[in-house]
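Notes for the one structure printed next.
Keep in mind it's a predicted model, so treat the numbers as computed, not measured.
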Amino acid sequence: MVIELGRPGVDGLDEAVGALREWQHDGAPMQLHPGDLGWFWRYGAEATAAAVRTWSRNGRILAVGLLDSPDLLRMTFAPDVHQDEELAGRVVEDVRDPERGVLVAGEVYVEAPRTAVVQDLLAGAGWDTDDPWTPLRRDLAEPVEDPGVRVEVVGPERAPVRAAVQRASFSGSTFTVERWHAMAGGTPYADARCLVAHDEQDHAVAAVTVWSAGPGRPGLIEPMGVHSDHRGHGYGKAVTIAAAAALRDLGSSSALVCTPSSNVGAVATYESAGFRALPEVRDRRRDA
């Protein structure tokens, strides 16, 4: 059957999110998660739809990609087609040709599961590897310890606090109250929570958003940040522990997060919160 490259549109986003949910399982390599689409949803449903690509055969979605930027495609595949060379070949054709409407010309990147055959085909087409990232995982079979700080679950009335901590945690962040509401209105947020941690003076010191993919499946932390005025006091560890507890309450089997390997402080923070580092992953890069 012919493989079709698709743009789902706003009406088709639920189907793409549903496919991503089904593909999450413990033991899978780090891959695109419904929470990644959920976090992108802060730009609105139309922008999210414009950034999503699907590859289908006979009406079934086999791969989903998210254009995190015009030069970066993050994608994953249904578990039974990781070694489907016909599908991988079509993906490679589509990402190589700017006229296909996936990636732009020049230097571009593709993030795909390290076990997928598309990695080999991209390498054979001359795509190099980029800087390493470290995925980390925490099993949630057992109860999670107390984080040691007050943590609130953010609702609409506390969105300004959540947005302010985000901006104070990441230089150049454009997260606003309006973008929180756009994100919270997206389909993936039905199984998500925003948390804000407070110090003893009740200052908001750290924040995190967690995304469940449904009971018995891995959940995702994206993003986690500590206010720039309150670093060095263990609040990153505390809010990450709270994130793991929230995902367990949502029924997640494990908690996942991924950070650049060069960010040794972030890796250490996640490990201190009970996460175990997995083998590094690298995007594929086509030089200009």
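- Of all non-hydrogen atoms in W211 and G38, the two that sit nearest each other are CH2-C, 3.3 Å.
- The nearest pair of heavy atoms linking A273 to R138 is O-NH1, 2.7 Å.
- Across A16 and V52, no two heavy atoms sit closer than the pair CB-CG1, 4.4 Å.
- Salt-bridge formation is detected for the pair R137/D26: a Lys NZ or Arg NE/NH1/NH2 atom is positioned less than 4.0 Å from an Asp or Glu carboxylate oxygen.
- For E46, the CD atom is loosely surrounded, since the number of other residues' heavy atoms within 6.0 Å does not exceed 12.
- Looking only at atom types and distance, the side chain of Q119 has a donor-acceptor partner in the side chain of R284 under 3.5 Å away.
- Ring-plane geometry between Y235 and H233 is classed as tilted, the angle between the planes lying from 30 to 60 degrees on a 0 to 90 degree scale.
- A pairwise comparison of heavy atoms in P29 and H82 identifies CG-CE1, 4.3 Å as the closest pair.
- In this structure, R282 contributes its side chain and T129 its backbone to no donor-acceptor pair below 3.5 Å.
- Neither L37 nor M75 shares a network with the other; the hydrophobic side chains, linked directly or stepwise wherever heavy atoms of I, L, V, M, F, W or Y lie under 4.5 Å apart, form separate groups for each.
- Of the charged side-chain nitrogens involved, at least one lies within less than 4.0 Å of a carboxylate oxygen, so that D80 and R60 count as a salt-bridged pair.
- Ion pair D249/R193 not flagged as a salt bridge, since none of the NZ, NE, NH1 or NH2 atoms sits closer than 4.0 Å to an Asp/Glu carboxylate oxygen.
- Salt bridge R53/D94: absent, no basic N to carboxylate O contact under 4.0 Å.
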